[in-house]
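Structure first, then comments.
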Amino acid sequence: QVQLVESGGGLVQAGGSLRLSCVASGPFFNSYTMGWFRQAPGKERELVAIISPRSTYTYYEDSVKGRFTISRDHAKDTVYLQMTSLEPEDTAVYYCAADTSGAISYAPRAYSHWGQGTQVTVSS
């Protein structure tokens with residue numbers, strides 16, 4: 001059973017930075033596609049970034065390109081989301097998710113395992 005635990009959220013001023021972490025349990029982390037999603041109040045959950053099992057492919061939603069960076073550390077079974085130049089529009093609950101098939105997937109329904117979420121609030 002895969003369990004995901006996020007951390008690193010908080011309150012930050014516009015223009016600031018945060019780094020989210022997601023620690024995965026289970027023996028096959030290096031075969032999972034990992035994604036970060038976010039959900040703001042009253043909005044649908046949206047994809048922020050994904051990273052392939054061997055980190056050879058990354059994808060970013062247009063609004064975060066150039067500001068956010070996804071990475072993973074197999075030695076620590078952890079995926080990160082470095083967020084810089086944060087904007088109030090980035091305020092949301094951020095979720096880590098795993099696609100255990102290892103396929104490149106963009107839709108939330110493809111991800112079988114989810115963390116509990118971590119709140120990111122950006123003040124103007």
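- For the disulfide (SG to SG under 2.5 Å) condition, the pairs that include at least one residue of residues 62-124, sequence neighbours left out, are C22-C96.
- Not a single side chain to side chain donor-acceptor pair (under 3.5 Å) links K43 to another residue, sequence neighbours left out.
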| Residue pair M83, V64: steps toward the side-chain contact (heavy atoms from CB on, under 4.5 Å) verdict | CA-CA 8 Å; M83 305 185 294; V64 308; over 6 Å; no

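- For A75, the side chain to side chain contact (heavy atoms under 4.5 Å, CB included) partners two or more places apart in sequence, or in a different chain, are D73.
- In this structure Y95 satisfies the side chain to side chain donor-acceptor pair (under 3.5 Å) test with no other residue, sequence neighbours excluded.
- Judged as a ring pair (Phe, Tyr, Trp, His ring centres under 6.0 Å), the pairs with a partner in residues 7-56 (not counting sequence neighbours) are, in order, F29-H74, F37-Y111, F37-W114.
- Residues forming a side chain to side chain contact (heavy atoms under 4.5 Å, CB included) with S55 (at least two apart in sequence, or on another chain): I51, R72.
- Annotation: disulfide (SG to SG under 2.5 Å) contacts involving residues 48-88, sequence neighbours excluded, are absent.
- In this view, E89 satisfies the salt bridge (charged side-chain N to carboxylate O under 4.0 Å, His left out) rule with no residue, not counting sequence neighbours.
- The closest donor-acceptor contact from the side chain of T33 to the backbone of A103 lies under 3.5 Å.
- At least one side-chain heavy atom of Q116 sits less than 4.5 Å from a side-chain heavy atom of E6.
- Residues passing the salt bridge (charged side-chain N to carboxylate O under 4.0 Å, His left out) test with R19: none are found, sequence neighbours excluded.
- Taking S52 as the reference, T56, Y57, I104 meet the side chain to side chain contact (heavy atoms under 4.5 Å, CB included) condition, with sequence neighbours excluded.
- Sorted by first and then second residue, the disulfide (SG to SG under 2.5 Å) pairs involving residues 64-95 (not counting sequence neighbours) form an empty list.
- Partners of T69 under the side chain to side chain contact (heavy atoms under 4.5 Å, CB included) rule, at least two apart in sequence or in another chain, are Y60, Q82.
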